[in-house]
There are 2 protein chains.
Amino acid sequence: MIESDVSISRMSGTRERILDSAERLIAEQGYAATSLRQIIAAAKVNIAAVHYHFGAKEDLLDAVVLRKVAPVNAARMEWLDRVEAQAGAGPLRIEDVLESFLLPTADTAQQNPDFVRLMGRMLTEGMMPSLVEKHFQATVMRFSAALSRAIPYLPRQELMWRVHFMIGATAHAMSMKPILSGMEGDAPDMNLRMRRLVTFLAAGFRAPSNAALPESKEK
Amino acid sequence: MIESDVSISRMSGTRERILDSAERLIAEQGYAATSLRQIIAAAKVNIAAVHYHFGAKEDLLDAVVLRKVAPVNAARMEWLDRVEAQAGAGPLRIEDVLESFLLPTADTAQQNPDFVRLMGRMLTEGMMPSLVEKHFQATVMRFSAALSRAIPYLPRQELMWRVHFMIGATAHAMSMKPILSGMEGDAPDMNLRMRRLVTFLAAGFRAPSNAALPESKEK
DNA sequence: GTCTATACTGAGATAGAC
DNA sequence: GTCTATCTCAGTATAGAC
C-alpha cells in the first residue's frame, strides 16, 4: 500500500522531511510525548501535509518504523539464509540462529544510534501490538522454524513460549539504559549486549522440557 | 508520601471510587486510551476531584499501580525469606529464587484477572520507566543479591544483564496474549506460563560466562 | 497531485467560589 | 473537599490555492 521506492513522483521532499523529524523526535521523547505540531515545526511543513501523506498519527509512526525495521529484518533473513546454507542437511546450531536474529540489530545500532531507541520505544511503549505484529510476524515465524529445526526434541508449544521469552528479553535489552549498578561500563556497546543475550538465550532454549508440565499431547 | 492506610480521614469514598474506575478502565483500554473524563464518569465524581486527590493523570496511575503491586512485591519478599531461611548457610537453588519472584504474580493473577492486564499494560505501555523503576527497584535489588548468592561464579556485570533479560522476558510473558500458533491451549494458565519461564531462565542464568567477552576486570 | 490556512472537538490542567 | 468555568494544546477534518 505504501510506495516504498522513490522513482515515482520524484520524492516530494515534504514526505521525507516529515519522516526524518518524526523519527528523531519519537526516538528522543517517545511516541505519546511527541506531538504532530512538534514534528511539523521541525520539518517546516504544514500540519495538514502529515494527514495528506500518512493519515493519522499512528500511520505516520507505522511509516517511520517500517523505514527502519524493514532493512534490519531483511538483514536477518539473509544472515539466516547463510547459516542454513552452511548447515546443509546437518544440524543447526542454536547460537547461529540466535545470532542471525540479534546481531543485525547491533550492526544497525552502530551506524544509526537513533535506531535502537526507536525500536526500544516501539516495543516498550504502547505502540500498538498490532503494529509490532505487523512488522515482526513474518520474521518471528521464520526464526521459530529455524529454532525448531535446531532443537527438534522440544515440543512445539514449549518452543513457542520460549520464543516469546526471547522477544521480551530482546526488547528490554535493546531499550535498556543500564542503570543498575555495576553495568555502567558497556552501556553503549550493543554488540556485546547482544552477544551476552545469545549466550543466555541459547542455554534457555536448550533447557530440557519440564516433563512435569502438562503438555504431553503435543508433537 | 501517599497515605496508604484508611484510618485517617475515614476514607473519602471519592478517592477509592476514582481508583477503582481508573484501574478497571486502564486494564481494559490502556493508559493513553483512557481519559480522565471516562474515569470520572464511571466513578461519578467531578474531574477536579482527580486533581485534588492525585494531581496529574500520571500520578493517578502511580496510585493505581501501587495499590496492586505493593502486595505482590511483599509476597515475593516473604517467599524469598522462606527460601533463604530454608537454605540456611548452604547454597541457594536458582529455581527457588526465580520461583519466589515469578509465582506470586501467578497467584495474584488467579484471584484478580485485572491485575495481569494492568501489570502488562504498565510494563508494555509507555508508563514511565521512572514509575516502573520506583515500584520495582527495591525488589529487583533484593533478588539480584539472592541470585548472586545462588550463582557466585558469575561476574556481577554479567549477572546484572541477565537480570534485565529476566525482567524483559517476564514482562512480555505476563502481558502476552499468545497468538502464535500452537499455544492457544494454555493461554489463561498463568501458573504454567510462569513455571515454563522458571525453567527457561534458570538455564540462562546457569550458562557459563562467556570468557571471550571483555569483562575480566569485574569481581 | 501537493500543500496551506483554518476550524472543530476533546484532552489535561488550574483558579477560585462555595 | 467539591464543583464551575476556563485555559491551553492535542489530533483531526475540510476547503481551496497552486
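For Ser35(A), taking side-chain heavy atoms from C-beta onward, the closest of the listed nucleotides dT12(D), dG11(D), dA5(C) is dG11(D). Side-chain proximity of Leu36(A) to dG11(D), dA13(C), dA13(D): nearest is dG11(D).
The distance from atom CG of Leu60(A) to atom P of dT12(D) is 10 Å, rounded to the nearest whole Å. Separating the CD1 atom of Ile39(B) from the P atom of dG10(C) is a distance of 18 Å, rounded to the nearest angstrom. Whole-Å rounding puts the Arg17(A) CZ to dC3(C) C1' distance at 11 Å. Rounded to whole Å, atom P of dA5(C) lies 15 Å from atom NZ of Lys44(A). Here dG12(C) presents its P atom at 11 Å from CD1 of Ile26(B), a figure rounded to the nearest Å. Atom CG in Leu25(B) sits roughly 16 Å away from atom C1' in dA11(C) (whole-Å rounding). We find that CD of Gln38(B) is positioned 19 Å from P of dT9(C), with the value rounded to whole Å. Taking atom NZ of Lys57(A) as the reference point, atom P of dA11(C) lies 15 Å away to the nearest angstrom.
Counting non-hydrogen atoms under 4.0 angstrom, Ile47(A) reaches a base of the nucleic acid. If you check every strand for non-hydrogen atoms under 4.0 Å, Ala49(B) touches nothing.
Within the 4.5 Å cutoff, no side-chain heavy atoms of Phe54(B) are placed close to those of Asp62(B). Side-chain contact between Leu98(B) and Phe205(B) is present, with heavy atoms from C-beta onward closer than 4.5 Å.
For the OP1/OP2 pair of dT2(D) and a distance below 4.0 Å, the side-chain nitrogens and oxygens of Thr14(B) include at least one atom meeting the criterion. Under 4.0 angstrom from either OP1 or OP2 of dA13(C) there lies at least one side-chain N or O belonging to His51(B). When the side-chain nitrogen and oxygen atoms of His53(A) are compared with OP1 and OP2 of dC3(C), one or more of them lie within a distance under 4.0 Å. Distances shorter than 4.0 Å separate none of the side-chain N or O atoms of Tyr52(A) from OP1 or OP2 on dC3(C). Within the structure, every side-chain polar atom (N or O) of Asn46(B) is placed at least 4.0 Å from both OP1 and OP2 of dT2(D).
Salt bridge annotation for Arg67(B)-Asp20(B): present, with a cationic side-chain nitrogen under 4.0 angstrom from a carboxylate oxygen.
In this model, no donor atom of one side chain and acceptor atom of the other lie less than 3.5 Å apart for Ser144(A) and Arg156(A).
At least one test fails for Arg76(A) against the ring of Trp79(A): distance under 6.0 Å to the centre or angle within 45° of the axis.
Applying the 3.5 Å distance criterion, the base of dG10(C) shares no donor-acceptor pair with the side chain of Arg37(B).
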